[in-house]
Number of protein chains: 2
Amino acid sequence: MPPAPHSRTQSIPLRRRFTPEARTDLHRCLVCEIREHSVCNGIDDTELAILAQASKRLTLPPGTAMIEEGTPALSFFNVTSGTVKLFKSLPDGRRQITGFADVGHFLGLTTARTYSFGAETVDTVQVCRFLRPQLETLLTDYPQFERRLLDEVTDELAEAQEQMLLLGRKTARERVASFLLNRMMPPAPSGQGKTEGRLVSLPMTRVDIADYLGLTIETVSRTISALRREQTITGTDNHGIRVLSVTRLRDLASGQDSR
Amino acid sequence: MPPAPHSRTQSIPLRRRFTPEARTDLHRCLVCEIREHSVCNGIDDTELAILAQASKRLTLPPGTAMIEEGTPALSFFNVTSGTVKLFKSLPDGRRQITGFADVGHFLGLTTARTYSFGAETVDTVQVCRFLRPQLETLLTDYPQFERRLLDEVTDELAEAQEQMLLLGRKTARERVASFLLNRMMPPAPSGQGKTEGRLVSLPMTRVDIADYLGLTIETVSRTISALRREQTITGTDNHGIRVLSVTRLRDLASGQDSR
DNA sequence: CGGTCACCATGATTTAGATCAAACCCACAT
DNA sequence: ATGTGGGTTTGATCTAAATCATGGTGACCG
């Protein structure tokens with residue numbers, strides 16, 4: 001299903017002169033190491049200048065509110081480093097984190113006038129921000145960009161369905177196991193394994209994990225302790241956990257609990 | 001949205017020659033009363049023949065398995081009447097219904113080789129089926145079709161996030177109230193109110209509702225009984241419920257419980 | 001018309017996870 | 001060195017919803 005290149009492209013003034021700022025922006029996109037892992041991959045190398053001018057890079061400290069629930073939907077972001085949490089809240093303060101947007105993921109897409117969700121940085125985050133009208137232009141001018149975005153949203157929806165299964169039907173143990181599994185880093189580059197076990201990336205706090213898994217911090221804490229006790233995971237540091245038995249964790253996550 | 005009987009339109013002016021079959025298909029799309037409420041709206045009136053030839057209409061009895069989890073993703077469907085349930089399951093049989101696809105909604109979209117979810121008809125359902133390659137063609141040839149689909153998926157994702165909030169953080173009462181609210185039919189066409197209260201469309205069983213809300217059938221049953229007892233809803237028929245106080249239900253759904 | 005079956009309601013009891021309550025750990029500021 | 005505060009762990013108790021159990025209702029059928 002390779003999306004055929006579409007030649008509907010409106011003549012784009014490529015030979016236009018760039019402001020110095022635009023030139024650095026172009027450079028930014030050219031050397032962007034996550035480009036091929038994001039929606040930006042939908043745009044041809046030769047037309048990166050367009051992309052660069054449509055977006056602006058920002059660096060945000062931990063705990064920055066990027067999107068406020070209910071405010072006008074003006075921006076679209078692409079995460080180039082760090083982790084952002086997306087969430088929805090109830091009037092009394094109960095909160096559900098609906099996902100973590102890591103490197104290469106987008107956020108802020110909506111068809112509504114206002115955002116129906118909030119977004120806040122977990123750690124230091126770099127994003128490229130697109131304003132709404134500029135995103136619209138990219139979508140109509142670059143079919144491959146639009147196609148790429150469609151694919152991303154489709155994947156996002158599949159993940160959301162998986163999370164609904166977790167929230168609606170899994171036990172606390174199964175939820176935590178699923179979570180750790182999902183956040184496992186790719187296997188170490190072979191050769192010298194630093195330590196035994198695969199690393200899990202956990203930049204967020206227990207509160208965030210609890211709000212993501214539909215549990216309380218106490219239950220999350222107890223469950224992680226239990227997994228540690230029974231040697232499924234190790235690591236005393238809260239944000240650095242190692243999976244000792246991936247298969248065991250997989251069994252736990254899908255309810256094949258032997259214990 | 002009662003699916004009005006197709007009015008037999010007479011001769012349709014055709015510019016090109018179609019096979020007889022294609023001609024009936026074209027007719028089907030031309031008179032399709034839900035077209036403007038679905039992705040098909042992305043295709044121009046003059047090019048409906050393309051759309052008609054890319055799809056096939058099917059009528060399916062209640063309880064038909066349309067999509068089996070894990071099977072090759074070959075089809076894409078557009079619902080033109082009835083209700084389809086989408087779900088994911090765990091090895092031991094626990095099931096989470098991730099959504100109900102009603103008239104105008106699509107199902108079967110994925111970037112993966114196989115479906116990660118199942119789909120089964122709730123009542124008698126009519127769908128238009130597109131095969132994968134044909135869908136791909138439509139997407140690349142008709143940017144507005146693709147855009148429309150992107151918008152649909154984006155909305156779907158927003159709904160999924162709302163459902164995650166429900167599953168992760170709402171009480172049983174709040175879940176049932178939210179569900180009834182979401183499935184309320186549009187307000188009666190003014191004038192003579194048939195009976196008091198707004199009708200709720202519930203073609204599915206208690207088991208389905210429970211699997212959608214992450215509860216057991218007993219809890220769903222008890223909760224509906226309680227709402228009836230306290231005059232928030234009426235209707236003794238299981239599939240025909242009326243909302244007496246929409247505002248009350250809205251308060252319940254968002255946790256502003258006065259009781 | 002009596003029997004089977006699918007679906008629903010409701011009561012009694014159990015339990016997984018929430019809530020309540022300390023205490024600990026560690027970075028950092030005074 | 002000593003508080004101070006955010007984040008975490010662990011234990012004791014409570015409770016919302018699950019589980020277990022029973023009966024009802026109506027559709028369909030030989």
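Given the structure is predicted, the values throughout are model-derived calculations rather than measurements. Residue numbering restarts at 1 for every chain, and letters A, B, ... go by the order of the sequence lines.
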Donor-acceptor under 3.5 Å (B:Thr80 side chain, B:Gln126 main chain): yes
Rounded to whole angstroms, how far apart are CD1 on A:Ile241 and P on D:dT8? 10 Å
Does the distance from a Lys or Arg side-chain N to an Asp or Glu carboxylate O, for B:Glu69 and B:Lys88, drop under 4.0 Å? no
In whole Å, what is the span from the CE atom of A:Met204 to the P atom of D:dG7? 14 Å
Quick one: do B:Arg95 and B:Asp208 make a salt bridge, cutoff under 4.0 Å? yes
Students often get this wrong, so: under 4.0 angstrom with heavy atoms, is A:Gly214 touching a base, only sugar-phosphate, or nothing? sugar-phosphate
Pick base, sugar-phosphate or nothing for B:Ser221, based on heavy-atom distances below 4.0 Å to the nucleic acid. base
Which comes earlier along DNA chain D counting from the 5' end, the contact point of A:Arg169 or that of A:Ile224, where each point is its nearest nucleotide? A:Ile224
Atom pair distance, as rounded to whole Å: CG in B:Asp237 and P in D:dG26: 11 Å
Is B:Arg175 touching bases, backbone alone, or none of the nucleic acid, heavy atoms closer than 4.0 Å? nothing
A:Ile209 has an atom CD1; how far is it from atom P of D:dT8, in whole Å? 7 Å
What is the distance, to the nearest angstrom, from the CG atom on B:Leu215 to the P atom on D:dT19? 11 Å
Among D:dT8, C:dA18, D:dT10, which is the nearest nucleotide to the side chain of A:Ser225? D:dT10
Whole angstrom value for the distance that separates C1' of D:dT9 from NE2 of A:His239: 14 Å
Tell me: CD1 of A:Ile217 to C1' of D:dG11, nearest whole Å? 14 Å
Distance check needed: D:dT10 C1' versus A:Glu218 CD, whole Å only. 10 Å
With distance as the sole test, does A:Arg183 use its side chain to make a donor-acceptor pair with the main-chain N or O of A:Ser201 at under 3.5 Å? yes
Base, sugar-phosphate or nothing for B:Thr205? Non-hydrogen atoms, less than 4.0 Å. sugar-phosphate
Relative to the ring of B:Phe106, is the ring of B:Phe76 parallel (under 30°), tilted (30 to 60°) or perpendicular (over 60°)? parallel
Can you see if the side chain of B:Thr219 gets near the phosphate of D:dA18 - specifically, an N or O under 4.0 Å from OP1 or OP2? yes
When you measure only distances, ignoring hydrogens and angles, does the side chain of B:Arg222 come within 3.5 Å of the base of D:dT19 through a donor and an acceptor? yes
Would you tell me if any nitrogen or oxygen in the side chain of B:Asn238 comes within less than 4.0 Å of OP1 or OP2 on C:dA9? yes
